[in-house]
Amino acid sequence: MSYTILTGDRATGSLHLGHYVGSLRQRVELQHHHQQTVMVADLQGLTDNGSNPQKISANVLNVVADYLAVGIDPAKTTLCLQSALPALAELTMYYLNLVTVARLERNPTVKSEIIEKDFSRSLPAGFLIYPVSQAADITAFGATHVPVGEDQLPMLEQTNEIVRRFNRIVDREVLVECQPLLSRVGRLPGLDGQGKMSKSRGNTIMLGASADEVHKAVMSMFTDPNHLNVSDPGQVEGNMVFTYLDAFCEDAALVAQLKDHYRQGGLGDVKIKRLLEDCLQTLLEPIRTRRAEFSADKGELMRILREGSQRANQVTQGTLAQVKSALGLDFFALD
Ligand code: ATP
Ligand code: MG
């Protein structure tokens, strides 16, 4: 069965290993058999960067370069830009009437982000409602499946609530419910071990990181603080190096064997870090090279994004027309 897929990333910075295992890796596979659209979410990036639009505009093409570098193919996946699709903003306005402020405040991801960003007294209205704008993105493409990291599950739940409410009100199945496609690693912790790897927290290894940056990041990673001597038994749970080996080392049997050895004692931190570094260098080396090549031709990146956005515009305008018609608000269209 072919899925209709929409997914995307905020243009708040270049992409990192969390994106890779949480979503990008899946997208590269999915594009071969499904109808996939990937969106650079610049408007959503603005919701917590309202006074710093340069940060968002400067990162749009960085994100596109990351997509191409990991193997997203514009001949198979439609790559588009959120701000180029006015239907998304219009749909958001309609959907906002179907959601209460209390419901938005209860969204667990929004709730924790508000605390983390220290927005208590200065919460931008656009930030509070970003789950609604995400619902507009997903439904505008008629997405049935959304490859995301775990932090996005409450957004999909909220999207489906809007879909059901809208369809009930207009008494027709206009909008389509979606389901998440969670990867094996739904949430990669950041280098600080404090929460998920995230652009905003600066606890990342970027996809374009140099070999030296990768080396330094791995060597300074937390292991088991009580594993002082090589001969001591070590703890695997919560040990960042093993968490990353689980995510990035393709030889699962080897990782299982190393875990046993580490638990028993006799396996040093440097050894497991070297293995992790090898896995990451092998993964990132070709991505880094391709990324540099793509970044050198901004005109080509722009052409790809523009062409995909043109196609996406048709699709999203179509959904908007259906929504307006279902609401009885399709009186006339201006040229
Ligand atoms: P920001 O800090 O600006 O919010 P971010 O690093 O959280 O940036 P997003 O653009 O918000 O990245 O997320 C894009 C997609 O990548 C989402 O599907 C999200 O779930 C996924 N993702 C982001 N970080 C991780 C992570 N550490 N582990 C797994 N998936 C992730
Ligand atoms: Mg995020």
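In listed order, ligands and their atoms are each counted from 1.
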Report summary line: Here the salt bridge (charged side-chain N to carboxylate O under 4.0 Å, His left out) pairs for residues 26-36, sequence neighbours left out, are Asp9-Arg27
Query - Tyr262-His227 aromatic ring centre distance below 6.0 Å - result: yes
Report summary line: Only residue of Thr139, Thr144, Asn160 satisfying side-chain contact (heavy atoms from CB on, under 4.5 Å) with Cys178 is Asn160
Kindly print each ligand 1 N/O atom paired with any protein N/O atom under 3.5 angstrom away, one pair per line, or none if nothing qualifies.
| residue | atom | partner | partner atom | Å |
| --- | --- | --- | --- | --- |
| ligand 1 | 2 (O) | Ser198 | OG | 2.9 |
| ligand 1 | 2 (O) | Ser200 | N | 3.0 |
| ligand 1 | 2 (O) | Ser200 | OG | 2.5 |
| ligand 1 | 3 (O) | Arg10 | NE | 3.1 |
| ligand 1 | 3 (O) | Arg10 | NH2 | 3.1 |
| ligand 1 | 3 (O) | Thr12 | OG1 | 2.6 |
| ligand 1 | 3 (O) | Ser200 | OG | 3.2 |
| ligand 1 | 4 (O) | Arg10 | NE | 3.0 |
| ligand 1 | 6 (O) | His16 | NE2 | 2.9 |
| ligand 1 | 6 (O) | Lys199 | N | 2.9 |
| ligand 1 | 7 (O) | Lys196 | NZ | 2.6 |
| ligand 1 | 8 (O) | Lys199 | NZ | 3.1 |
| ligand 1 | 10 (O) | Arg10 | N | 2.9 |
| ligand 1 | 10 (O) | Lys199 | NZ | 2.8 |
| ligand 1 | 12 (O) | His19 | NE2 | 2.8 |
| ligand 1 | 12 (O) | Lys199 | NZ | 3.3 |
| ligand 1 | 18 (O) | Gly149 | N | 3.3 |
| ligand 1 | 20 (O) | Gly149 | N | 2.9 |
| ligand 1 | 20 (O) | Asp151 | OD1 | 2.5 |
| ligand 1 | 24 (N) | Lys196 | NZ | 2.8 |
| ligand 1 | 24 (N) | Met197 | O | 3.3 |
| ligand 1 | 27 (N) | Leu188 | O | 2.9 |
| ligand 1 | 27 (N) | Met197 | N | 3.3 |
| ligand 1 | 27 (N) | Met197 | O | 2.9 |
| ligand 1 | 28 (N) | Leu188 | N | 2.8 |
| ligand 1 | 30 (N) | Gly18 | O | 3.4 |

Report task. Please determine if Arg10 and Asp48 form a salt bridge, counting it only when a charged side-chain N lies under 4.0 Å from a carboxylate O. Result -> yes
Query raised in the report: Will you find, in the side chains of Gln44 and Gln82, an N or O donor that is under 3.5 Å from an N or O acceptor?
Result: no
Query - salt bridge (Lys or Arg N to Asp or Glu O under 4.0 Å) evaluation trace for Lys111 with Glu105 - result: CA-CA 6 Å; Lys111 216 168 158 177; Glu105 285 171 342; over 6 Å; no
